[in-house]
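What follows is one structure encoded as structure tokens, with my remarks underneath.
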Amino acid sequence: MQSFPEIAFRKANDEDAEFLYGLYAEKRDDEIACFGWSQSETLSFLKMQFDLRRKAYEMRYPHAEYRVIQLSEGPVGEMIVYRTRNLLTLVDITVSGEVRGRGIGTEAIRRLQNEALEAHSGVVLHVDSTNPRAQRLYQRLGFVGTGEPDQVSIEMRWARAIQAE
């Protein structure tokens, strides 16, 4: 697997709003396409959902860090991490379709795992139960499902962190 030492993280700022919205909309393209909506209906819905997602994250994960994943050519993804004393929660990670499949998400998650090791903390995430590709990625990185999945998501914890608890 290719290593990406040039991956950098930086705090998301107001200038990233358009990029982050575009990334979110791209992630929902296939799902929204089946509705048969006009472009204006689609844009209105996606904007509403994007804003609601942000508000929900802010309520559930106050003080989460919104990171932009960067390569030398510019922003390519987003990683939202919520830190507590003993746990890092990967709230969300999205990599642009233009660079997806090149190991960028894998590298970003490995760096989060290294951060957790250094802090002696665990890593937890929730993955959509309808996203087997992401589930396989997390399993390859040592995450295991904990508990019963609900209809929306599966909680996964980093196996090394579980063994350390």
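Just so you know, these numbers come straight off a predicted model, no measurement behind them.
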Once rounded to the nearest 0.5 Å, what's the spacing between atom CD1 of Ile93 and atom CD1 of Ile80? 10.0 Å
Closest contact, heavy atoms only, Gly122 versus Ala116: O-CB, 4.3 Å
Evaluate the side-chain proximity of Thr89 to Tyr61: yes if any heavy-atom separation is below 4.5 Å, no if none is. yes
Any side-chain heavy-atom pair from Leu90 and Val124 closer than 4.5 angstrom? no
Run the side chain to side chain contact (heavy atoms under 4.5 Å, CB included) test on Arg28 and Gln49 for me, step by step, so that the C-alpha distance in whole Å, both residues' side-chain angles and the decisive distance to 0.1 Å come before the verdict. CA-CA 10 Å; Arg28 305 274 316 262; Gln49 290 289 298; 3.6 Å; yes
Under 4.5 Å between any side-chain heavy atoms of Gln139 and Met156, yes or no? yes
State whether the number of non-hydrogen atoms from other residues, nucleotides or ligands found under 6.0 Å of Asp30 atom CG is greater than 12. no
Quick check: are there more than 12 heavy atoms from other residues, nucleotides or ligands sitting under 6.0 Å from CD of Gln39? no
Between Leu46 and Ala25, what is the shortest heavy-atom contact and its length? CD1-CB, 3.8 Å
Assess whether atom CE of Met48 is packed by more than 12 heavy atoms of other residues, nucleotides or ligands within 6.0 Å. yes
Atom NZ of Lys11 and atom CD of Glu65: how far apart are they, to the nearest 0.5 Å? 8.0 Å
Return yes if some donor-acceptor pair links the side-chain N/O of Gln70 with the main-chain N/O of Val76 below 3.5 Å, else return no. no
Should Val123 and Tyr138 be counted in the same cluster of Ile, Leu, Val, Met, Phe, Trp and Tyr side chains packed under 4.5 Å apart? yes
Thr42 (side chain) donor-acceptor with Ser38 (main chain) under 3.5 angstrom: yes
Point-to-point distance, once rounded to the nearest 0.5 Å, from CD of Gln113 to CZ of Arg110: 8.0 Å
Can you tell me how far the CD atom of Glu115 sits from the OG atom of Ser121, to the nearest 0.5 Å? 7.0 Å
My understanding is that only residues two or more places apart in sequence, or in another chain, count here; which of them pass side-chain hydrogen bond (donor to acceptor under 3.5 Å, both in side chains) with Lys27? Asp92, Thr94
Given Arg102 and Leu71, is the side chain to side chain contact (heavy atoms under 4.5 Å, CB included) satisfied, shown in steps? CA-CA 12 Å; Arg102 291 179 28 196; Leu71 295 178; 4.0 Å; yes
Assess the residue pair Glu107 and Ile104 against the criterion (side chain to side chain contact (heavy atoms under 4.5 Å, CB included)); give the C-alpha distance rounded to whole Å, side-chain angles, the decisive distance to 0.1 Å, and a yes or no. CA-CA 5 Å; Glu107 180 68 18; Ile104 295 166; 5.8 Å; no
Quick one, Arg100 and Arg133 - any side-chain contact, counting heavy atoms below 4.5 Å? yes
Which residue pairs satisfy the ring-ring contact (aromatic ring centres under 6.0 Å, His included) criterion with at least one member in residues 14-44, sequence neighbours excluded? Tyr21-Phe50, Tyr24-Phe50, Phe35-Trp37, Trp37-Phe45
If two hydrophobic side chains count as joined below 4.5 Å and joins carry through other members, does Val91 share a cluster with Phe143? no
Less than 4.5 Å apart, side chain to side chain, heavy atoms only: is that true for Arg10 and Ile69? no
Taking the cut-offs as 6.0 angstrom to the six-membered ring centre and 45 degrees off its axis, would you call Arg54 and Tyr66 a cation-pi pair? yes
CZ (Phe9) and CE (Met79) are apart, to the nearest 0.5 Å, by 5.0 Å
Is Asp51 paired with Lys55 through a side-chain N to carboxylate O contact shorter than 4.0 Å? no
d(Trp158 CH2, Leu125 CG) to nearest 0.5 Å is 12.0 Å
Residue pair Leu23, Ser96: steps toward the side chain to side chain contact (heavy atoms under 4.5 Å, CB included) verdict: CA-CA 6 Å; Leu23 196 61; Ser96 170; 4.0 Å; yes
Beyond-backbone contact of Leu137 with Thr106, side-chain heavy atoms, under 4.5 angstrom: yes
Are Tyr82 and Leu112 co-members of a hydrophobic cluster defined by side-chain heavy atoms under 4.5 Å apart? no
Do side-chain atoms of Asp128 reach the backbone of Thr130 as a donor and acceptor pair under 3.5 angstrom? no
Quick check on Glu18: does its CD atom have over 12 non-hydrogen neighbours (other residues, nucleotides or ligands) under 6.0 Å away? no
